[in-house]
Amino acid sequence: MSLHRIFRAVIMGPPGSGKGTVSARITKTFGLKHISSGDILRANINAKTELGLLMKSCIDQGQLVPDDVISRLILRDLRAMEQNSWLLDGFPRTVSQAEALDDAYTVDTVINLNVPFQTIKERLTSRWTHLPSGRVYNTDFNPPKVPGLDDVTGEPLVQRDDDTPGTVTRRLKSYETQTEPVLEYYRSKGVLQTFSGTETNKIWPHVEAFLHRKLPTANRNVA
Ligand code: G5P
Ligand code: MG
């Protein structure tokens with residue numbers, strides 16, 4: 001790896017596996033730009049853009065939005081950060097999305113968070129989100145300093161419309177049928193690194209050590 005090489009990573013894992021939580025730690029420690037497809041979609045819904053209005057019912061029902069829509073959206077954002085190292089969270093989620101990404105960029109590493117479904121179901125019903133930033137809290141695991149309010153802005157936290165038990169079950173189903181094949185896709189390319197566990201605080205040191213090996217200081221974005 002040359003000194004100035006840009007580092008491009010993907011973080012995968014079932015809904016609620018801790019992608020957002022681990023991404024925040026990676027961005028803080030390694031300075032990669034974080035792009036979350038879910039955060040971008042929710043920002044569109046919140047701002048009532050045409051795209052947001054079209055995608056809302058899909059997301060609320062726990063279904064994936066169409067491949068061409070999300071691929072276009074994410075690839076457009078990535079073109080605006082050609083000079084940056086980045087971490088993609090929530091994209092790609094189908095083999096077709098992975099192929100679209102592959103046509104434009106080579107992914108250096110894929111971090112896969114392997115967390116049992118039972119653990120996930122308990123977490124999501126106690127998640128609170130600050131929609132504008134994507135910051136996530138949990139009433140047990142990492143509660144906000146003031147209940148119901150974001151630590152940084154003091155703005156109100158909300159529960160996501162797709163965090164109801166029935167919708168979580170549908171999201172896990174679509175993960176199994178549509179997203180698990182993407183793991184195989186990256187495994188065959190030799191870039192998949194899986195981290196298993198039930199607690200983010202136990203998984204994180206392994207992810208951090210792995211990235212320290214992969215990503216010498218010189219490759220990080222200037223903060
Ligand atoms: P998203 O937004 O990408 P998901 O379903 O992939 O949504 P989600 O729900 O955002 O993933 P996460 O980021 O993996 O989960 O997890 P998180 O938010 O960090 O952690 C979950 C909760 O657990 C939080 O409350 C956190 O504090 C807590 N937690 C973390 N670690 C621990 C721990 O160790 N212990 C405990 N007790 N708690 C913990 O996508 C949403 C929708 O957008 C559409 C789809 O409709 C999708 O369903 N979409 C796409 N559609 C098509 N293609 C794409 N590429 C799409 N991307 C998004
Ligand atoms: Mg997330």
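In each ligand, atom 1 is the first atom listed, and ligand 1 is the first ligand listed. For this chain, numbers begin at 1 and follow the sequence in order. Just so it is clear, the model here is predicted, and its values are computed rather than measured.
Atoms of ligand 1 lying under 4.0 Å from at least one heavy atom of R42, given by number and element, are 2 (O), 41 (C). Applying the 4.0 Å criterion to heavy atoms of Y137 picks out, from ligand 1, the atoms 24 (C), 25 (O), 27 (O). Close contacts of ligand 1 with T21, meaning ligand atoms under 4.0 Å from a residue heavy atom, involve 17 (P), 19 (O), 20 (O), 26 (C), 30 (C). Residue N142 has at least one heavy-atom neighbour below 4.0 Å for each of these atoms of ligand 1: 27 (O).
Looking only at protein heavy atoms, the nearest one to atom 1 (P) of ligand 1 is R93 NH2, 3.7 Å. What sits closest to atom 34 (O) of ligand 1 on the protein, heavy atoms only, is T200 N, 2.8 Å. Protein heavy atom at the shortest distance from atom 51 (N) of ligand 1 is V65 N, 3.1 Å. Q97 NE2, 2.9 Å is the protein heavy atom nearest to atom 53 (N) of ligand 1. The closest protein non-hydrogen atom to atom 42 (C) of ligand 1 is I59 CG2, 4.0 Å. What sits closest to atom 7 (O) of ligand 1 on the protein, heavy atoms only, is R160 NH2, 3.3 Å. The nearest protein atom to atom 44 (C) of ligand 1, hydrogens excluded, is given as L41 CD1, 3.6 Å; this is a heavy-atom distance. Remark: minimum distance from atom 38 (N) of ligand 1 to any protein heavy atom is reached at F141 CB, 3.2 Å.
A salt bridge does not link R170 with D162: every distance from a Lys NZ or Arg NE/NH1/NH2 to an Asp or Glu carboxylate oxygen is 4.0 Å or more. Here R135 does not pair with D151 in a salt bridge; the nearest charged N to carboxylate O distance is not below 4.0 Å.
Nearest heavy-atom pair, L75 versus A104, reported as atom, atom and distance to 0.1 Å: CD2-CB, 3.9 Å.
The main-chain N or O of W86 is never found under 3.5 Å from a side-chain atom of N84 such that the two would form a donor-acceptor pair. Under the 3.5 Å distance criterion, the side-chain polar atoms of S126 are matched with a main-chain donor or acceptor of R123. Formation of a donor-acceptor pair under 3.5 Å by the D108 side chain with backbone atoms of R8 is found in this model.
Aromatic pair F210/F195: ring centres closer than 6.0 Å.
In this structure, V136 has a heavy atom closer than 4.0 Å to ligand 1. Between G16 and ligand 1 there is a heavy-atom distance shorter than 4.0 Å.
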Do any side-chain atoms of residues 177-184 form donor-acceptor pairs under 3.5 angstrom with protein atoms, and if so which ones, sequence neighbours left out?
from	atom 1	to	atom 2	distance (Å)
T177	OG1	K173	O	3.2
T179	OG1	R93	O	2.8
E184	OE1	R187	NH1	2.5

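Checked against a 3.5 angstrom limit, the closest N/O atoms of F91 and ligand 1 fall outside it. Of the polar atoms of S126, none of the N or O atoms is found under 3.5 Å from an N or O of ligand 1, judged by distance alone. At under 3.5 Å, a nitrogen or oxygen of G20, whether backbone or side chain, sits near a nitrogen or oxygen of ligand 1.
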